[in-house]
There are 2 protein chains.
Amino acid sequence: MDVGIAVPGSVPAPTSDDPVRFPAACPTRVVLSHVTSRWGVLVLLALGDGPVRWGELRRTIEGISEKMLASTLRTLEHDGIVHREVFPSVPPRVDYSLTESGRELAARLVPLMDWIVENADAIVDRH
Amino acid sequence: MDVGIAVPGSVPAPTSDDPVRFPAACPTRVVLSHVTSRWGVLVLLALGDGPVRWGELRRTIEGISEKMLASTLRTLEHDGIVHREVFPSVPPRVDYSLTESGRELAARLVPLMDWIVENADAIVDRH
DNA sequence: CAGAATCCTGTGAGATACTG
DNA sequence: CAGTATCTCACAGGATTCTG
């Protein structure tokens, strides 16, 4: 019921159409949070060139804890982005790789990371 | 001083060359964290089509708090990614836009977000 | 309108130790 | 080797109130 309040002219009119381009209750928010989690991008990029073993990942991505590596991998695997393959050898061996879907995603992460690599120094120097 | 330890043969040899592709103390880590912060990607995408006002951003990006909008914008502005322009009008008006550098970055975020939009439903349905 | 200042909380993430 | 199991906590992030 648009009661309307007498305003002295200035208010630009409630053209309330700022259309909410990014809804809160949206599946994209969940996936975005997985991909952009602290270690998500680095793990996906590390998996870019074929299968990688667990220990290899740990050393490649400096600073990641075992807990976070496991957790990040599990989430991405559950999302159908990462594939996990166990070799029943001794000592045990587990390879991680990207699924088809994951390869598409990782491909779109590369230009992003390239930009960051090119600009990071200049940005950090601002401080 | 490679003392070397007598190992019973099995250890695959310290081909310690998993080359640490992602060093911990690297400027890229900082910038990556800014861009992939909870609201970073959404803010950058929202700024993709020219200048946007503060309030407009708030409504466009549903669920963002004032604190986080301010904080995210300040960080990105400080990084030289976002430009802030104040109009000394009354009521006050502030426009945010992307810098040249920011436009390059945002352009690389679009394909990523596209992938997420296309796959989010299928991924979330797995649960 | 566009924030700044405070206070407060959940949980993402680290450290350590143990195991199939 | 490739993890899991706990314990712990800092800090990103939220809610609320105030202001130029």
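Below, chains carry the letters A, B, ... as their sequence lines are ordered, and counting in each starts from 1.
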Q: Find the distance A:Met68:CE to D:dC7:P and express it as a whole number of Å.
A: 19 Å
(Q) Using whole Å, what does the distance between atom P of nucleotide C:dC1 and atom CG of B:Asp95 come to? (A) 14 Å
Q | Integer-rounded Å distance: D:dA12 C1' and B:Lys67 NZ | A | 7 Å
Q: Provide, to the nearest angstrom, the distance between the CD atom belonging to B:Glu85 and the P atom belonging to C:dA2.
A: 14 Å
Q. 5'-most contact on DNA chain D: A:Pro92 or A:Ala70, nearest heavy atom basis?
A. A:Pro92
Q. Are A:Val35 and A:Leu105 close enough that some pair of their side-chain heavy atoms sits under 4.5 Å apart?
A. yes
Q: Would you kindly give the CD-to-P distance between B:Glu77 and C:dA2, to the nearest whole Å?
A: 15 Å
Q. Say you draw a straight line from CH2 of B:Trp39 to OG1 of A:Thr36; how long is it, rounded to the nearest 0.5 Å?
A. 11.0 Å
Q.
Between C1' on D:dA2 and CD1 on A:Ile64, what's the gap in Å once rounded to a whole number?
A. 14 Å
Q: Would you classify B:Arg58 as touching base, sugar-phosphate or nothing, given that sugar-phosphate means primed atoms plus P, OP1 and OP2, and contacts are heavy atoms under 4.0 Å?
A: nothing
(Q) Tell me if a side-chain donor or acceptor on A:Glu56 pairs with a main-chain N or O of A:Arg53 at a distance below 3.5 Å. (A) yes
Q. What integer distance in Å separates B:Leu69:CG from C:dC1:P?
A. 14 Å
(Q) Quick check: is B:Val110 connected to B:Leu76 through a chain of hydrophobic side chains (ILVMFWY, heavy atoms under 4.5 Å apart)? (A) yes
Q | Residue-phosphate contact under 4.0 Å: A:Arg38 side-chain N/O, C:dG14 OP1/OP2 | A | yes
(Q) Taking only side-chain N and O atoms of B:Trp54, does any of them lie within less than 4.0 angstrom of OP1 or OP2 on C:dA4? (A) no
Q) Mind checking whether A:Tyr96 and A:Val43 have side chains closer than 4.5 Å, heavy atoms only? A) no
Q.
With a 4.0 Å cutoff (strictly under), does any side-chain N or O of B:Tyr96 reach OP1 or OP2 of C:dC1?
A. no
(Q) From C-beta outward on A:Pro91, which listed nucleotide comes closest to its side chain: D:dG13, D:dC1, C:dC1? (A) D:dC1
(Q) Between B:Arg53 and C:dC1, is there a contact of a side-chain N or O with OP1 or OP2 at under 4.0 Å? (A) no
Q | Closest to side chain of A:Glu66, choosing from D:dT4, C:dA4, C:dG20 | A | D:dT4
(Q) When you measure from the side-chain N and O atoms of B:Arg84 to the phosphate of C:dG3, is any distance below 4.0 Å, counting only OP1 and OP2? (A) yes
